[in-house]
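Report on the following structure.
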Amino acid sequence: NYNIVGGYGENIGGLVGYGAASTISKVYTKGTIKLLSTKETFNHIGGLTGRNILSTQIASNISQCYTEGDIITPNATAVGGITGTLSGYSTTYKHNLSNSYTSVNINAKSYVGGLIGTASSYTNITNSYAVGKVNGSNSAIGGLVGSTANPSTCTSSYWCAETTGQLTSALGINTTITNLSRQASYSGWNFSTIWAIEEETSLAYLQGMKVPDMVYDKMNGYGIYT
């Protein structure tokens, strides 16, 4: 239930603004970030974290998290539903984002993604999805990830063009909202101990955490269930 309002700022997140080699798990956030300055810079803004920096000695991990809400930053760059920026260099350790989902509606400028705005080449994404609206006025706009570099990896992670409004993404698989209501569409996901779904009624959600109305409501606006 955060509400962050201002003109200009950097490293802003619903939970953490700036994280260094941090581990975040089993957390959800819901709220609004609204910055209306005309100043242009890399702002690093996300529904969970603004920016995560990778250490040369410790991995950075986000797992079993979800985010809802709105990010209204029309002149900002590096903006994502979970995190704005994953950055840093390490030949041994990675940014790991797994088993997470987001329905944050974003209005930003460049390097904008439903899940991650911009990610370093040392990023692994696994078993995650984004369904929030993604708007960007310039470059590197993606349904799941705005921008990244090789050899980042993305496994069984999805965005929905119907809801995000984006046909492309730097990483991930485009699917339909109907597919996201069927367990069989989530290839390799753990529906025994991590995920749950109400077949053809909801999207996948995390076990043991509050179930957001979004997993039902997202389906209603697209002519599937009313």
Side-chain angles (χ1 to χ4, degrees), residues 1-35 37 41-73 76-90 93-109 111-130 132 134 142 144-148 152 157 171 194 205-206 208-210 212 214:
N1 294 319
Y2 62 85
N3 185 33
I4 301 169
V5 179
Y8 165 79
E10 289 192 335
N11 302 323
I12 297 169
L15 180 73
V16 174
Y18 182 102
S22 55
T23 293
I24 303 171
S25 64
K26 297 184 179 178
V27 173
Y28 71 88
T29 63
K30 182 177 182 178
T32 299
I33 299 173
K34 188 175 184 179
L35 305 176
S37 171
T41 186
F42 269 77
N43 294 73
H44 315 293
I45 298 167
L48 185 73
T49 70
R51 184 180 188 184
N52 286 20
I53 298 292
L54 187 64
S55 167
T56 58
Q57 298 178 327
I58 305 172
S60 166
N61 297 293
I62 295 173
S63 65
Q64 297 184 55
C65 295
Y66 74 83
T67 59
E68 296 182 87
D70 299 282
I71 299 178
I72 305 164
T73 56
T77 57
V79 182
I82 291 284
T83 186
T85 301
L86 298 178
S87 61
Y89 171 84
S90 173
Y93 299 97
K94 306 286 185 181
H95 288 290
N96 300 301
L97 197 162
S98 64
N99 294 308
S100 297
Y101 65 102
T102 175
S103 180
V104 173
N105 300 311
I106 303 170
N107 180 15
K109 186 175 182 181
Y111 299 93
V112 185
L115 190 77
I116 302 169
T118 183
S120 78
S121 57
Y122 302 92
T123 299
N124 297 325
I125 303 169
T126 308
N127 299 358
S128 299
Y129 73 83
V134 179
L144 192 75
V145 179
S147 172
T148 190
S152 290
S157 295
L171 293 171
I194 296 177
Y205 56 87
L206 292 165
M209 296 178 69
K210 180 181 178 180
M214 177 278 297

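Pairs engaging residues 62-72 under the side chain to side chain donor-acceptor pair (under 3.5 Å) rule: T67-T102, D70-N105 [sequence neighbours left out].
Under the side-chain hydrogen bond (donor to acceptor under 3.5 Å, both in side chains) criterion, S87 pairs with R51, not counting sequence neighbours. Looking at residues two or more places apart in sequence or on another chain, you find a side-chain hydrogen bond (donor to acceptor under 3.5 Å, both in side chains) between N124 and N96, T153. Partners of Y89 by ring pair (Phe, Tyr, Trp, His ring centres under 6.0 Å), not counting sequence neighbours, listed by chain and number: Y122. Shown here are the side-chain hydrogen bond (donor to acceptor under 3.5 Å, both in side chains) partners of S128, two or more places apart in sequence or in another chain: there are none. Checked against side-chain hydrogen bond (donor to acceptor under 3.5 Å, both in side chains), T148 has the following partners two or more places apart in sequence or in another chain: S152.
Shown here for I125 and L171, the closest heavy-atom pair between the two residues is CD1-CD1, 4.0 Å. The minimum heavy-atom distance between Y18 and N11, with the atom names listed, is CD1-ND2, 3.6 Å. The shortest non-hydrogen separation linking A76 to I45 is CB-CD1, 4.0 Å. For V79 against A108, the heavy-atom pair with the smallest separation is CG2-CB, 3.8 Å.
The closest side-chain heavy-atom distance from Y111 to T85 is not below 4.5 Å. Counting heavy atoms from C-beta outward, I194 and L206 have side chains that approach closer than 4.5 Å.
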Taking only distance into account, with no hydrogens and no angle test, what donor-acceptor pairs under 3.5 Å do side-chain atoms of residues 24-35 form with protein atoms, sequence neighbours excluded?
from	atom 1	to	atom 2	distance (Å)
T29	OG1	G47	O	2.8

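Looking only at distances, no side-chain donor or acceptor of T49 sits under 3.5 Å from a matching main-chain atom of V16. The main-chain N or O of H95 is never found under 3.5 Å from a side-chain atom of S60 such that the two would form a donor-acceptor pair. Side-chain N or O atoms of T123 include none that pairs as donor or acceptor with a backbone N or O of S121 at under 3.5 Å.
Within the model, atoms CG of L115 and OH of Y129 stand 11.5 Å from one another, a figure rounded to the nearest 0.5 Å. Atom CD1 in I62 sits 6.5 Å away from atom CD1 in I82 (nearest 0.5 Å).
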Applying side-chain contact (heavy atoms from CB on, under 4.5 Å), run through T73 and N43 and close with a yes or a no.
CA-CA 9 Å; T73 56; N43 294 73; over 6 Å; no
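Enclosure of atom CG in N1 is not indicated, since only 12 or fewer non-hydrogen atoms of other residues, nucleotides or ligands lie within 6.0 angstrom.
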